[in-house]
Amino acid sequence: SFVLANKADGIFVYSTNGAAAPTFSRSGSTVTIATATSGATIKYTKDGSNPKTSSTAVTGTSVTVAAGDKIRAYAYKDGIVASAIAAYNA
């Protein structure tokens with residue numbers, strides 16, 4: 001099952017049965033992408049397309065963005081269900 005939360009800086013979808021969906025926070029041209037699931041990897045895109053297993057993984061915790069970027073991200077970890085895709089518009 002999933003929970004949808006509409007927040008001022010983006011819409012977040014949380015999976016209640018697997019990895020926690022990524023959350024976003026912005027400071028200038030940097031967006032921090034995080035998940036509450038310890039040891040999970042976050043894959044993302046900045047063009048609005050849904051990320052895939054072959055998409056870029058977050059290195060560290062943040063990515064540089066430009067105005068108009070549409071970040072889509074999900075978290076996964078071996079042995080549990082991948083999170084729903086979360087979205088953030090820069």
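Computed over heavy atoms, backbone and side chain alike; hydrogens, waters and symmetry mates excluded. Keep in mind the model is a prediction, meaning the values are calculated, not measured.
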Are the side chains of Tyr44 and Arg72 in touch, meaning some heavy atoms are under 4.5 Å apart? no
In the structure I gave you, are the side-chain heavy atoms of Ile71 and Thr45 within less than 4.5 Å of one another anywhere? no
Rounded to the nearest 0.5 Å, how far does OH of Tyr74 lie from NZ of Lys43? 6.0 Å
What side-chain donor-acceptor pairs closer than 3.5 Å can you find for residues 46-61, not counting sequence neighbours?
{"unit_1": "Lys46", "atom_1": "NZ", "unit_2": "Thr64", "atom_2": "O", "d": "2.7"}
{"unit_1": "Asp47", "atom_1": "OD1", "unit_2": "Ser49", "atom_2": "N", "d": "2.9"}
{"unit_1": "Asp47", "atom_1": "OD1", "unit_2": "Ser49", "atom_2": "OG", "d": "2.6"}
{"unit_1": "Ser55", "atom_1": "OG", "unit_2": "Lys52", "atom_2": "N", "d": "2.8"}
{"unit_1": "Ser55", "atom_1": "OG", "unit_2": "Lys52", "atom_2": "O", "d": "3.3"}

Any side-chain heavy atom of Tyr88 within less than 4.5 Å of one from Lys70? no
Report yes if some heavy atom in the side chain of Thr32 is under 4.5 Å from a heavy atom in the side chain of Phe24; otherwise report no. no
Across all chains, not counting sequence neighbours, the side-chain contact (heavy atoms from CB on, under 4.5 Å) partners of Thr37 are Ala19, Ala20, Thr35, Ala40, Lys77, Ile80
Residues passing the side-chain contact (heavy atoms from CB on, under 4.5 Å) test with Ala34, sequence neighbours excluded, are Thr23
